[in-house]
Amino acid sequence: MSEHHRPDLPALPVTSDRVRDLHARMTLEEKVAQLVGYWLDQNGTVAPMQSEMTAGQADAGALPEITRHGLGHYTRVYGTRPVDPVERAAWLWAEQRRLRRETRLGIPALVHEECLTGLAAWQAATYPTPLAWGASFDPDLVQEAGRAIGASMRELGIHQGLAPVLDVVGDPRWGRVDECIGEDPYLVGTVGTAYVRGLQDGGVHATLKHFVGYSGSVGGRNHAPLSAGPREIADVYLPPFEMAVRDGGARSVMNAYVAVDGVPTAADPTYLTDLLRDGWGFDGVVVADYFAVAFLEVMHGVAADRGEAAALALAAGIDVELPTGDAYLAPLVERVRAGLVDERLVDRAVLRVLAQKEDLGLLEPDAFAGEPPTHVDLDAPHHRDLARRLAQESVVLLANDGVLPLRLGGAADQAGPRRVAVLGPNAARTEALMGCYSFANHVLAHHPGVPLGFEIRSVLDAVRAQAGDGVEVVHAEGCTVEGTGTEGFAAAVDAARGADVAVVVVGDQAGLFGRGTVGEGNDAESLDLPGVQRALVDAVVATGTPVVLVLVTGRPYAIGWALDGAGPRPAAVLQAFFPGEGGGDALADVLTGAVNPSGRLPVSLPRSAGAQPYRYLHPVLGGPSDVTATDPTPVRPFGFGLGYTTFGYADLRVDPEVDAAGTFEVTVTVANTGDRAGTDVVQVYGRDVLATVARPVAQLLGYARVALAAGERRQVTFRVPTTRLAFADRRGVRVVEPGDVQVWVASHAAASAAAVEVTSSTDGAIASARTHERHPVPGTATPRQVLRVTGTVHEVTGADPRLVEVKIG
């Protein structure tokens, strides 16, 4: 047996001759230099414990000395402070040429940046936050946006993007919910994989984060331990990552900060090597979340010093330490030279890094031989169009008594309102439209007075722009997002009394580590609207003027009082999850009826903070029952969303039987039963009636956006691989078991939540079903049909087909 395959030695990856030759010529110092980043700029706090962890770091003037052995990554050269992109590109090209010229091996550095809501750089377009991606239920549009973002990044010499976040939401109190796509693993997996494909089509490697279980930290507290069992991890948290690796070809993965059952993921080869590489076949690069290697010592207490932290992380499978070389430089070299760390672990990581650089073209002789861009438009019309379209599709209509859409035309006999009051703390603020990882809220918060550098309109300005002649739009702030002052209520109430309709825009301000109401480090104990915003809404509603409540937030809030309360309440409620630079226009489009809302909730709308954590994927005893007085039933369920037309379903047909290794078809007729064109999100659900472990009362099996003219009917066929029904059995092995599965089509997860007789429609009538929820929410659904699964599939992996095919007739 050759040394390369000896089981007692770390296996080395298979690489090209060029990479092997380069590696063979490297000293130990040159090797570890490729395994670290260098953070050029330190402006403000944009990472946990940043000031403590980077104290004493050398400045940019010391770059020749810092990089004398080479460098793996440059950390956020565009994204840490507002720099002119053309000037920065000129610097970067010169710096890469210096590395080629002055280091012995001449290897350029890889450049990574954040790109969760578009490239996080000054003047770059800001897209909706990922929770809005999920609300769109539109992977194709997300992929298109990702491709545009990736192309802009590559134009600037950026090679790796730290996105998407594939954490599955379980507790809306967690501050980073706005970075996530939703609470259903399949929705997260399909939408996240689409973004991976788009970004990588644009020439930039995507980084999946945070692997794994970060969003399940206890109490929704950032960095808190994860208490989930292996079955929940296998069935809920892992599938999106597996889909993005196997189906999306993701080239990079980032570890989670959390400890799973006491073991920090940064030091756990079970996930980073055994599962990710040996199980799923991932052959890319694993990078550390910022300071995660050092955190093994300073926060988790599983390493005595930086050298031991480096040894644990490297053995677990973390190839690159970011954002700096706190542990993988001198402390790691010292342990290797002392015989405490096998140098082959270093070799394994270096070969992966060099292969990544080769794949990105950094090892080519002419890399950076050309000239840097002399003109870049990071907010070009195609960016603005994509951002607005994605925002339009993500707006969710939660309630409407007929006040929407507003008719703001200019004709003298126009039936719509002639005076509109646009009120609330988020009505006139563009910062309120953007997420935590937008450059505006992530970085510019530390640079007051610096302009955003791209086009964006507030809700107030967008409504004014769309109001026709003879329509007056007035404004009053009423209150601030977080403050307790009510002195502005009087002006808001007066404006509402003198208006035909009041649009009250409330919600969040995204920020970091206490700077804002939501975002990284901004976890919440309460799910009430921040500050005195509810009191402002109540005061405006009390005027008797019809109120449209618009929520611009990064998390779902407990707003049952606005939807189903016994007293006076808003006439309509819209939910927008940080809709980005096109969000003000998109909300105005929906308010005025230029766009028929088609967004659907990617997360359940909570009843209270005390009922958390909650996910619609719960077994019987995870929902309401007579054995507990606590009611977790959401006020609006996953998948819910209204429009300005109505839809119905009929003629459901489900294959009566399928082999456990096969694919079954679900066919339904979708009808637009209203008088306006619109888009429905058709959702297929299933329930495993009897299994060896407790299974959810409903599970999303597939979905499709279906556009229909008024009165139009179309047949939609879903081809569902039976592996969509797989789950971890008592051994922890993912299986498809034989037995009966109830299958139905519905407008949201709670529609047809109870078992009904298996019937079929023979006259084309629209089918519906009763519900046993304590707080039923109207919805459209078909009676359940029973699918008989025969045979068994053991050890289901992503190699089996997971994606649902959709045919719209």
Side-chain angles (χ1 to χ4, degrees), residues 37-47 50 57 59-64 66-67 71 73-100 108-127 148-163 199 202-204 323 367-384 386-387 430-431 434-435 437-457 512 580-582:
Y38 178 73
W39 204 342
L40 187 69
D41 297 308
Q42 293 293 320
N43 292 97
T45 300
V46 296
Q50 178 182 332
Q57 177 178 290
D59 61 26
L63 278 179
I66 292 167
T67 62
L71 181 66
H73 281 234
Y74 265 125
T75 293
R76 299 183 66 178
V77 299
Y78 293 94
T80 305
R81 62 183 176 89
V83 294
D84 180 89
V86 171
E87 293 177 2
R88 197 58 155 179
W91 172 88
L92 180 59
W93 259 250
E95 176 60 17
Q96 296 283 27
R97 290 165 178 167
R98 186 192 68 78
L99 290 173
R100 294 292 302 264
L110 189 151
V111 178
H112 74 259
E113 294 285 353
E114 300 285 357
C115 58
L116 195 67
T117 61
L119 170 60
W122 192 42
Q123 302 179 6
T126 298
Y127 283 77
I149 294 165
S152 286
M153 295 173 72
R154 193 59 196 248
E155 183 182 12
L156 293 176
I158 301 165
H159 311 102
Q160 184 169 337
L162 304 187
L199 201 67
V204 172
F368 298 98
E371 293 304 311
T374 57
H375 171 76
V376 291
D377 187 352
L378 301 178
D379 189 36
H382 71 282
H383 280 295
R384 296 196 296 272
L386 283 168
T430 57
E431 293 86 354
M434 296 176 281
Y437 267 74
S438 67
F439 191 77
N441 291 324
H442 205 72
V443 176
L444 285 187
H446 302 288
H447 300 270
V450 176
L452 292 177
F454 57 85
E455 292 187 17
I456 184 171
R457 250 198 304 230
L512 289 149
E581 68 174 47

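All values reported here derive from a predicted model rather than from experimental measurement.
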- Query: Under a 4.5 Å cut-off applied to non-hydrogen side-chain atoms, are Leu40 and Thr80 in contact?
  - Reply: no
Taking every heavy atom of Leu156 against every heavy atom of Leu92, the minimum-distance pair comes out as O-CD2, 3.5 Å
Rounded to the nearest 0.5 Å, the CD atom of Glu431 sits from the CG atom of Leu444 at a distance of 9.0 Å
**OP:** Could you label the plane-to-plane angle of the Trp91 and Tyr74 rings as parallel, tilted or perpendicular, counting under 30° as parallel and over 60° as perpendicular?
**Re:** perpendicular
In terms of heavy-atom contacts, His447 and Val443 come closest through CD2-O, 3.3 Å
Val111 and Val77 have their tightest heavy-atom pair at CG1-CG2, 3.9 Å
Quick test of your reading of the model: are Glu455 and Arg384 salt-bridged, counting only N-O distances below 4.0 Å? yes
Would you call Val83 and Trp122 a side-chain contact if the rule is heavy atoms closer than 4.5 Å?
no
So, does Arg154 use its side chain to make a donor-acceptor pair with the main chain of Gly203 at under 3.5 Å? yes
Inset, instruction - Please assess Asp379 against Glu581 for the test side chain to side chain contact (heavy atoms under 4.5 Å, CB included), listing each intermediate value before the final yes or no. - result: CA-CA 10 Å; Asp379 189 36; Glu581 68 174 47; 2.7 Å; yes
- Message: Between Gln96 and Ala109 (side chain of the first, backbone of the second, donor and acceptor by atom type, cut-off under 3.5 Å), is there such a pair?
- Response: yes
Closest heavy-atom pair, Gly370 versus Trp93, reported as atoms and distance to 0.1 Å, is O-CD1, 3.4 Å
Using side-chain heavy atoms (C-beta onward) and a distance below 4.5 Å, is Gln123 in contact with Val376? no
_Any side-chain heavy-atom pair of Gln160 and Leu162 under 4.5 Å_ = yes
Can you confirm whether Asp377 sits close enough to His383 that some side-chain heavy atom of one is under 4.5 Å from a side-chain heavy atom of the other? no
| query | With a 4.5 Å heavy-atom cut-off, do Pro373 and Val86 have their side chains touching? | reply | no
Requested in this report: Kindly assign one of parallel, tilted or perpendicular to the pair Tyr437 and His442, based on the angle between their ring planes and the thresholds 30° and 60°.
Outcome: tilted
Note: Phe368 and Pro108 closest approach over all heavy atoms is CE1-CB, 4.0 Å
Step by step, work out the side chain to side chain contact (heavy atoms under 4.5 Å, CB included) result for Thr126 and Phe439.
-> CA-CA 8 Å; Thr126 298; Phe439 191 77; 5.6 Å; no
side-chain hydrogen bond (donor to acceptor under 3.5 Å, both in side chains) test vs His112 passes for just one of Arg76, His73, His159, namely His73
For Ile149 and Tyr127, the nearest pair of non-hydrogen atoms, with its separation, is CG1-CE1, 3.6 Å
Q) Given side chains that start at C-beta, do those of Thr430 and Arg457 come closer than 4.5 Å, heavy atoms only? A) no
Is there a side chain to side chain contact (heavy atoms under 4.5 Å, CB included) between Thr75 and Glu113 once you walk through the steps?
CA-CA 7 Å; Thr75 293; Glu113 294 285 353; over 6 Å; no
**Prompt:** Where the side chain of Asn441 meets the backbone of Met434, is there a donor-acceptor pair that is under 3.5 Å apart?
**Reply:** yes
Can you list the steps and then say if Ile158 with Tyr78 is a side chain to side chain contact (heavy atoms under 4.5 Å, CB included)? CA-CA 9 Å; Ile158 301 165; Tyr78 293 94; 3.8 Å; yes
